[in-house]
Every structure is written in structure tokens, then in C-alpha cells.
Amino acid sequence: MSSAVGVADGNTGAEIVSAPQIAAGKSAELSVILPSFNEASNIPILVGLLDEALKGIDWEAIVVDDNSPDGTTEVARKIAQHDPRIRVIRRIGRRGLSGACIEGILASSAPYVAVMDADLQHDETLLPKMLAELKADDTDLVVASRKVDGGTVGEGLSSIRAWGSNIANGLAQKLLNVTLKDPMSGFFMVRREKAEALAPKLSPQGFKILLDLVSSANGTLKIKELPFTFRERQHGESKLDTLVTLDYFGLLLAKYFGDVVSVRFLMFGLVGASGLVVHLLALRIFLLGDMEFNLAQTGASFVAMTSNFFLNNQLTYRDRRLRGTQALVGLLTFYAVCSVGVLANVGVANLMYADPAYWWLAGTAGAIMGAVWNYAASSALTWRKS
Ligand code: GDD
Ligand code: MN
């Protein structure tokens, strides 16, 4: 009755295929995760370079594309149609380098995964050496570093960015005890099981996946750094603007405080604090212009809310950024949310205000209440997930 191929199910007549029959092939040994946004002209070149560099290695590449308008997905799919080593994940309604890397890693079943930029700035000839390091001893993570002897940022980074990147590295080393020379590198290889175990702790926002991985591991990863030269970009343009560095500081703070609050909430708080400065500046200008105080205060509030809206739109919610009419509607809902926030703030402060000696306690409680409300309501209304 039962054959080697399968067993007939008496009730349904369906055939249950035995496991070995399904698992005919074997997963690749190495997955190269290629996060991409508008890299249509780089992907075909990169696949050729990988093919050359990874001779003798059983590899696959997973392009994780955030629905690039330049058709990167289609280009990658065309290659995948005649090269089964290439796989494609098209993400819709999501943006972010870290998130794309995490999804790529989780889509892999290879024992080793590498994360590498898809824009040819990373030297693919380093991959076999990185793999050899991981396989040779008990190393868990190999980082291609621009900062160890022999490595260099070459022509790949502008001097202002190289400077900023040094400060950011220093902070990471001081605050998080991360001893990596180049914690912002976007080029590394890791044992998949290690990355998989850490994945639930990682933040999909921003671009600091390596720092996140290492600091979340809390010293449990054995790390090695190899030097490489960061190449200059040939096609397309960099997506990392200066604003993205603020997001990096958000991660540093969140990790430093042991992940008690989310990076997003911290960003929201930082933007809120900047709003206070904007408010006072605007108020001063309006008053200098002989405006009546109540009017000046109301005007300053609107200036601060507007500035907060645009900063949050650029930073806190860069992955859900609103554009065009959506931004206008967003701004209006943000005004509404913040107005209720003021009521919540004053209400709680009033409740708490029993003793004049503790005015600051009541004030702080009110401000926190207002911030929590503004955050919760604006993420549900203004920047809701579409
Ligand atoms: N899926 C996806 N989504 N990919 C993205 C996104 C995104 O939102 N943003 C950028 N990428 C892809 C790019 O297409 C590229 O393949 C890679 O991520 C790196 O992005 P670039 O925009 O080229 O970054 P960069 O060259 O300015 O920055 C490099 O240096 C940083 C440190 O200074 C990268 O190596 C970073 O990873 C690194 O942290
Ligand atoms: Mn780049």
C-alpha cells in the first residue's frame, strides 16, 4: 500500500510525501544579503563580480529591495530567472537599510550570511577570506573594517562624513563598550544562527545594523575585523543623509539605557525638546515685533508644532514619511493631536500640583503625559502604517 514516495491518507486520499523526497537540494553555504534602493544599474555588475569572487563556494545572494522606483526589483528578477542563486525580496510600504538586512538574513537558511552594500562600494573579493575566518575557528562575526590597519575609507566617504563617522564610532565605543574599530560598517559576515537568535532585539530603523547586532549581543559574539578599502560610488547616489546620523544617536541612547524606551520614542522626545527651543525663539521674535502676548504665544506654538512635524517626518518616521497632500493632512492631524496633548499635559500637572514646593514634579509629570499622548496618538493617526 505505502510506497517509498508517499503514504496514502485513508481519509482524504491525499498523499503525504515523505520528507527526504522534498529535501532534494541543499541550502547554500553562504548567503549574501544585498539591501538595495535604486541600484538597478549596479545589481547586474555586482552579480558578475560575486560570481567571479566566490568561485568554489556554494553561495546565493538575496536582493532585498524596498520597491525602488528605478526598477531594481525587475532587474534582479530577470537575473534570478536564469540564475537560481539569486533571490529577490520586494518590500512594499517599508523603508530602511537595517530592516532590509534583517529580513534578508531571516530569509536565508545558509549557515553563514554576509551583509554587503549593493552599490559596488564594498570589496567582494574579501568575502572568501571572511568565510574562511568564520569556518576556521570559533569566530562568530567578521567585520570588514575601514578603520583597522590596512583598511581605509579611500575615496568612498566625503571628509565631513569621515569626521562625523569618527565621532559616532568614539561614542559607540564609550557608551556601549563596543570595541569594534568600525561599528558603522555595512559589510560583515556572521553565523546565521547567532544573527537569528539576536533578530528579535534588533531595530529595523536606520542603518546601524552592525552596531545594533554587536551591542544587543552584549559581548557574547567572538568578533574579528579585516581591513578593506571603501570604494567610490560609480552609479546612483547615497541614500544616507546627515539626518540619518541623528537616528544613530537615538540608537546609542536607547541601547545605553538598556532598551527601556524605543528608539522611535527617544527620537520623538529629542524632536520635542528641539521644539521648545524653536518655540522660545519664535516667541521672542513675535514679542520684539510688538505682538500681544497671547497671540505671540499661540503663534509660537504653531511654529514649534510645524517644526516638530517636519522633523518627525524626516527623522522619527522616515520609514513612513508623508509627502505632498499626505504631508498636509498629516500636519493638520498633528496640530489636532498636539492640542489635545496640551490639555493632557495641563490636566495631569494640575492633578499632581498639591504643594508649591513640588511645582517641578507636577510640571514634569504633565510634560511626560503630553509627550506620551502626542507620541501614541500621532503614530496612530498622523504616521499610521498604511
Ligand atoms: N532595502 C533598502 N532600503 N536598501 C537601502 C536603503 C533602504 O531604505 N537605504 C540604502 N539602501 C542600500 C543601498 O541601495 C546600498 O546598497 C546600501 O544600502 C548602502 O546605502 P548607501 O546609500 O550607498 O550608503 P552609503 O554608501 O552612503 O553608506 C555606507 O557607509 C555607512 C557608514 O559610513 C554604507 O556601507 C552604510 O551601511 C554604512 O553604515
Ligand atoms: Mn554606498
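The first residue in the sequence is number 1, and the count goes up from there. Counting starts at 1 for both ligands and their atoms, in listed order.
- Formation of a donor-acceptor pair under 3.5 Å by the Asp117 side chain with backbone atoms of His122 is not found in this model.
- Only the side chain of Phe230 comes within 4.0 Å of ligand 1, judged by heavy-atom distances.
- Between atom CG of residue Leu221 and atom CG of residue Leu198 there is a gap of 6.0 Å, rounded to the nearest 0.5 Å.
- Near Phe207, with a cut-off below 4.0 Å to any heavy atom, the atoms of ligand 1 are 39 (O).
- Side-chain atoms of Ile368 and Val348, non-hydrogen and from C-beta on, never get closer than 4.5 Å to each other.
- Checked against a 6.0 Å centroid threshold, the rings of Trp383 and Phe309 count as neighbours.
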Please assess Ser185 against Ser145 for the test side-chain hydrogen bond (donor to acceptor under 3.5 Å, both in side chains), listing each intermediate value before the final yes or no. CA-CA 6 Å; Ser185 173; Ser145 171; over 6 Å; no
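- Each of Arg192, Lys222, Lys224, Arg191 was evaluated against Asp140; a single residue qualifies, Arg191, per the salt bridge (Lys or Arg N to Asp or Glu O under 4.0 Å) test.
- Ligand 1 is approached by Arg233 to a heavy-atom distance shorter than 4.0 Å.
- Heavy atoms of Gln121 found under 4.0 angstrom from ligand 1 belong exclusively to the side chain.
- Between Arg95 and ligand 1, at least one pair of N/O atoms sits closer than 3.5 Å.
- With waters neither drawn nor counted, the protein N/O/S atoms under 2.8 Å from the Mn ion (ligand 2) amount to 2.
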I'd like to know whether Cys101 forms a side-chain contact (heavy atoms from CB on, under 4.5 Å) with Phe207, so could you lay out the CA-CA distance, the side-chain angles of the two residues, the decisive distance to 0.1 Å, and finally the verdict. CA-CA 9 Å; Cys101 295; Phe207 65 105; over 6 Å; no
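- Counting only N and O atoms by type, the side chains of Ser108 and Ser31 include a donor and acceptor under 3.5 Å apart.
- The atoms of ligand 1 that sit less than 4.0 Å from any heavy atom of Glu39 are 13 (C), 14 (O), 15 (C), 16 (O).
- Ring planes of Phe230 and Phe228: perpendicular class, angle over 60° (limits at 30 and 60°).
- Contact atoms of ligand 1 toward Asp117: 16 (O), 17 (C), 19 (C), 29 (C), 34 (C), 35 (O), 37 (O) (distance under 4.0 Å to a heavy atom of the residue).
- Ligand 1 lies less than 4.0 angstrom from a heavy atom belonging to His122.
- Of the candidates Ser185, Ala118, Ser36, it is Ala118 that places a heavy atom closest to atom 16 (O) of ligand 1.
- No side-chain N or O of Thr220 forms a donor-acceptor pair with one of Asn218 less than 3.5 Å apart.
- Relative to atom 30 (O) of ligand 1, the option among Met184, Arg146, Glu103 with the closest non-hydrogen atom is Arg146.
- At least one N/O-N/O distance between Val64 and ligand 1 falls below 3.5 Å.
- By the 4.5 Å heavy-atom criterion applied to side chains, Ile102 and Ile209 are counted as neighbours.
- Looking at Ser203 and Asp212, their side chains never bring a donor and an acceptor atom within 3.5 Å of each other.
- In terms of polar-atom proximity, Ser238 is counted as a contact of ligand 1, with an N or O under 3.5 Å from an N or O of the ligand.
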